[in-house]
Amino acid sequence: MRSLLILNTIDNIAVALADLESGSIIEQDGLQIEVLNQIPRGHKIATKPISKNEGVIKYGERMGHATSDIKVGEHVHTHNVLGDRLSAEQVK
Amino acid sequence: MSKSLTGYPRADGRVGFRNQVLVMPLHSALCATARRISEESAAVAITHDWSGEIDADFARIFKVMTGFAANPNIFATIFLTLGTPGELEIIDKSKSIGLSNSTIVNVSEIGSMELLYEIALKEAISYLALADQVARVSVPWSSLHLGLECGGSDALSGITANPALGVASDMLVELGAVSVLGETTEILGAEHLLAARALDPNVGKQIIETVARYERSINYEGIDMRGAQPSRGNIEGGLTTLEEKSLGAAKKAGSAPFTGVLEYADPAPKPGLYFMDTPGHDIEQLTGFAAAGINIVVFTSGRGTPTGSAVVPTIKVSTNTQMALSIPDLIDLNAGTIADGTQTLREVGELIFNEIVDVANGKLTAAELGRHQEFSLSRMYGTQIN
């Protein structure tokens, strides 16, 4: 059973197909990733390093930007990503 | 694709895949009576909170009430009225859209709520007997108007059920059917991708403009969308941003070109794939689809949503296997097998296509068996961001 789903080769995240344990190592599709947090099924994990303000790419498209530097293996979610559209910084 | 469709052609050329008798109260005070009739018979009913107000939302409410009462899945509509001129306008408009069998039961003339119930129930029973005598006939693919909806999305929605529904939608559009994607909130951030698929550059511009109009209205209201979209349930499911949800939601529309853009509750004028400007609220969207003459809906859900319509069969597709197993009587098909690795996207897409055809031909959905008959009037204030 594969534990990650990579939707597009240019993506910098993958979707967890199972709950990922912190500290576990995932080897798949030529990647070797150490999981840095507990990541629930359906949530995203960084497959490439993402710098603060850099785009988060899923389906080959930009889905928002990082609000802090994100390491490979880190949980990618609302604590470190913000949408580019209709988020608080845009609404005055 | 050797499958074929059978249905009930209506006098105006549209086609129903059900032969429902609808009890339609035209005032909130008559809704309890309508509900009672639907519990005592095989008639369906709606309830709502509209009491005939002519306010800024009236044009929107009028369009929904008239279009809904005239949905082609209806054999006959029984209107419960207080006897006001406004009610007659709704009934006349429904007839001009295509409603052929209707009766008005007016409580002011009858002078008794109990008699209103008894007379309307008798009308329902006699229409139901007539409806039962009508046989299905073979109908063309162009008679199928499919609505594409999702609710309670999770991170698997955009990977399993939505793209599988996109496969089924593409197959139907190829055969000459209508397919309609809704939910303006849920294409925000993906509109450039949809616009690039427009058959005509003006349609692409309309898609962009529809989203921009929505975005301006939200910014004008000073609303921080992060509280509503993605919803708390979406975030628990793993969706982080509105754009991410939109990229996944748009997968329901497959890869066919867009023929046009529809205002809320407006019917598609010819075959093809459309985008309709609807609220993200599940029941308001479903009601708008029904009012536009859509006769089958496929609804994908990650967290389970029991929503169904009184007049439009609503097929539920689960995005994950756990959901399909946890509340099996909510779900018609499981697309979670794509993430489990036991079925391919194409295989599940074909299963959804076959299910649409079977349901059109009379197979009852989980929502129909559960007698889900939700209805909600969309107003421009208060519900627009949900």
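Numbered from 1 within each chain, the chains take letters A, B, ... in sequence-line order.
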Less than 4.0 Å between a side-chain N and a carboxylate O, is that true for B:Glu355 and B:Lys316?
no

Taking the side chain as every heavy atom from C-beta outward, state whether [X] and [Y] have any pair of such atoms under 4.5 Å apart.
| X | Y | answer |
| --- | --- | --- |
| A:Met63 | A:Lys44 | yes |
| A:Ile39 | A:His77 | no |
| B:Lys205 | B:Asn202 | yes |
| A:Pro40 | A:His75 | yes |

Contact part of B:Leu156 toward chain A, heavy-atom cut-off under 4.5 Å: side chain, backbone, both or neither?
side chain

Measure B:Ile159 against the heavy atoms of chain A and call it side chain, backbone, both or neither at under 4.5 Å.
both

Which heavy atom in B:Gly182 sits nearest to a heavy atom in B:Ile187, and how many Å separate them?
O-CG2, 4.5 Å

Closest approach of B:Pro279 to B:Gln285 (non-hydrogen atoms, all atoms of both residues)
O-CB, 3.8 Å

Ordered numerically, the heavy-atom neighbours of chain B under 4.5 Å found in residues 50-62 of chain A are A:Lys58, A:Tyr59, A:Glu61, A:Arg62

Which atoms of A:Val15 approach chain B - backbone, side chain, both or neither, heavy atom under 4.5 Å
side chain

